[in-house]
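A quick note: this is a predicted structure, and the numbers were derived from the prediction, not measured.
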Amino acid sequence: MGKQIIFYMSNDVQERFIDFLNKKEFFFVDYNASIINDISDDSKRDIYLYKQDYGNIIMSQNNNVNIDSLKSPIIQYKKTIIKEEQQTVLRGRLWIQTKYYNEKGEVINKGESVLKDYQMLVRWIKTNVPYQQIKKKDHYIKEYINDELKELQERGFKFTI
């Protein structure tokens, strides 16, 4: 009941994507639903995209004070991280839970505006990050990846999850 797109964005493309998110008036929030003003720091990898017209963010009911990512009207955004010393590239992703079960076992669909925004972001990625073949371990697969990052692989960088 969820959707995702996996990608490897170069720093330049990732900055343009973040600019696009800002222009589309997304809020960046962490797992506590606190607004993140600067997401350029690589320690801020797990980010949620939110707009007020999506509705209320739902917090989990356990001992932790975290966003309930299954029920909340949010889009998860994991940035691509390039680790120079380890010669690894961590993949990025956009993920959304499109529907969930409430306490009564009824299927609840997420709001139309959050689903439309998710599709808009997927289109941006598909337009700006080519779908091309890369090597992962002993085989080749197709991923959304910028040429600059493919060049890193030729220099020995590994692509991980």
Side-chain angles (χ1 to χ4, degrees), residues 1-24 26-51 57 59-60 62-100 110 114-115 117-161:
M1 291 197 282
K3 295 181 178 188
Q4 72 174 354
I5 183 170
I6 304 297
F7 52 83
Y8 295 93
M9 281 188 202
S10 63
N11 290 333
D12 178 48
V13 173
Q14 197 154 240
E15 286 176 20
R16 288 194 336 238
F17 184 61
I18 291 168
D19 286 343
F20 179 76
L21 293 170
N22 282 318
K23 287 177 186 165
K24 293 297 180 180
F26 280 97
F27 287 99
F28 305 107
V29 296
D30 63 15
Y31 61 93
N32 292 322
S34 298
I35 292 177
I36 304 169
N37 292 316
D38 180 16
I39 65 168
S40 63
D41 181 2
D42 283 348
S43 68
K44 305 252 191 284
R45 182 166 186 245
D46 292 323
I47 299 163
Y48 297 102
L49 306 176
Y50 174 73
K51 290 183 178 179
I57 291 177
M59 302 306 282
S60 64
N62 58 23
N63 293 335
N64 298 326
V65 182
N66 297 336
I67 290 178
D68 185 331
S69 60
L70 298 179
K71 296 179 181 176
S72 290
I74 48 93
I75 301 168
Q76 182 191 65
Y77 169 44
K78 286 189 178 222
K79 300 186 308 181
T80 301
I81 304 292
I82 301 168
K83 295 188 171 192
E84 294 284 341
E85 296 91 36
Q86 293 92 356
Q87 287 199 319
T88 58
V89 181
L90 302 177
R91 71 181 183 182
R93 92 171 179 162
L94 281 181
W95 174 83
I96 186 170
Q97 185 68 22
T98 58
K99 49 187 148 185
Y100 62 92
K110 294 283 179 91
V114 68
L115 298 174
D117 280 348
Y118 172 80
Q119 289 301 326
M120 170 191 62
L121 299 177
V122 167
R123 281 192 305 278
W124 191 98
I125 291 169
K126 288 181 176 183
T127 301
N128 292 278
V129 184
Y131 190 61
Q132 41 190 341
Q133 189 167 283
I134 62 169
K135 185 174 183 178
K136 280 201 176 175
K137 298 196 179 187
D138 297 333
H139 57 283
Y140 289 89
I141 62 170
K142 284 196 152 189
E143 298 273 11
Y144 291 97
I145 181 169
N146 295 111
D147 290 338
E148 298 92 335
L149 294 181
K150 277 190 74 164
E151 291 171 11
L152 288 180
Q153 189 173 51
E154 292 167 9
R155 294 188 0 223
F157 279 68
K158 304 282 187 256
F159 292 87
T160 64
I161 53 176

Indicate yes or no for a side-chain donor-acceptor contact from [X] to the backbone of [Y] under 3.5 Å, with no hydrogens or angles considered.
{"X": "Lys24", "Y": "Met120", "result": "no"}
{"X": "Asn32", "Y": "Ser34", "result": "no"}
{"X": "Lys110", "Y": "Leu115", "result": "no"}
{"X": "Gln86", "Y": "Thr88", "result": "no"}
{"X": "Tyr48", "Y": "Ile67", "result": "no"}
{"X": "Lys135", "Y": "Lys158", "result": "no"}

Show your reasoning for whether side chain to side chain contact (heavy atoms under 4.5 Å, CB included) applies to Ile39 and Ile18.
CA-CA 9 Å; Ile39 65 168; Ile18 291 168; 3.6 Å; yes

Between Ser10 and Asp12, is the side-chain hydrogen bond (donor to acceptor under 3.5 Å, both in side chains) condition met? List the steps.
CA-CA 5 Å; Ser10 63; Asp12 178 48; 5.3 Å; no

Go through it in stages, so that I can follow the logic: the residues are Asn11 and Glu148, the test is side-chain hydrogen bond (donor to acceptor under 3.5 Å, both in side chains), and I'd like the CA-CA distance, side-chain angles, deciding distance and then a yes or no.
CA-CA 9 Å; Asn11 290 333; Glu148 298 92 335; over 6 Å; no

Using the rule given for salt bridge (Lys or Arg N to Asp or Glu O under 4.0 Å), can you reason through Asp117 versus Lys51, listing the C-alpha separation, both sets of side-chain angles and the distance that settles it, and then say yes or no?
CA-CA 10 Å; Asp117 280 348; Lys51 290 183 178 179; 3.1 Å; yes

Taking the side chain as every heavy atom from C-beta outward, state whether Asp30 and Asp46 have any pair of such atoms under 4.5 Å apart.
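Side chain of Asp30 against side chain of Asp46, heavy atoms only: no contact under 4.5 Å found.
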
When you compare the side chain of Ile36 with that of Val29, does any pair of heavy atoms fall below 4.5 Å?
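No - every pair of side-chain heavy atoms lies 4.5 Å or more apart.
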
Name all residues meeting the side chain to side chain donor-acceptor pair (under 3.5 Å) criterion together with Arg16; count only those two or more places apart in sequence or in a different chain, and write none if there are none.
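Applying side chain to side chain donor-acceptor pair (under 3.5 Å) to Arg16 gives Asn128.
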
Not counting sequence neighbours, which residues clear side chain to side chain donor-acceptor pair (under 3.5 Å) with Asn146? List them please.
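Once residues adjacent in sequence are excluded, Asn146 has no partner under the side chain to side chain donor-acceptor pair (under 3.5 Å) criterion.
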
Exercise: identify the closest heavy-atom pair between Gly156 and Gln87
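Gly156 and Gln87 have their closest heavy atoms at O-OE1, 3.9 Å.
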
If you look at every heavy atom in Lys99 and Gln97, which pair is closest and at what distance?
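Heavy-atom minimum between the residues: O-NE2, 2.9 Å.
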
Run the numbers on Gln76 and Ile96 for side chain to side chain contact (heavy atoms under 4.5 Å, CB included), then give the verdict.
CA-CA 6 Å; Gln76 182 191 65; Ile96 186 170; over 6 Å; no

Please assess Tyr144 against Lys142 for the test side chain to side chain contact (heavy atoms under 4.5 Å, CB included), listing each intermediate value before the final yes or no.
CA-CA 7 Å; Tyr144 291 97; Lys142 284 196 152 189; over 6 Å; no

Is it true that, when you exclude Phe157 itself, more than 12 heavy atoms of the residues, nucleotides or ligands shown sit nearer than 6.0 Å to its CZ?
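Result for CZ/Phe157: enclosed.
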
Roughly how far, to the nearest 0.5 Å, is the CZ atom of Phe20 from the CZ atom of Phe26?
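Those atoms lie 7.5 Å apart.
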
What distance do Asp147 atom CG and Leu152 atom CG have between them, rounded to the nearest 0.5 Å?
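Result: 11.5 Å between the selected atoms.
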
Is the ring pair Phe159/Tyr8 parallel, tilted or perpendicular, if the boundaries are 30 and 60 degrees?
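Ring orientation, 0 to 90° scale: perpendicular.
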
Where does the angle between the aromatic ring planes of Phe17 and Tyr77 fall among parallel (under 30°), tilted (30 to 60°) and perpendicular (over 60°)?
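Because their plane-to-plane angle is over 60°, the rings of Phe17 and Tyr77 count as perpendicular.
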
For a side chain to side chain contact (heavy atoms under 4.5 Å, CB included) check, start with the C-alpha distance between Tyr50 and Ile57, then their side-chain angles and the critical distance, and finish with the verdict.
CA-CA 9 Å; Tyr50 174 73; Ile57 291 177; 3.6 Å; yes

Mind running salt bridge (Lys or Arg N to Asp or Glu O under 4.0 Å) on Arg91 and Glu143 for me, showing each step along the way?
CA-CA 10 Å; Arg91 71 181 183 182; Glu143 298 273 11; 5.4 Å; no

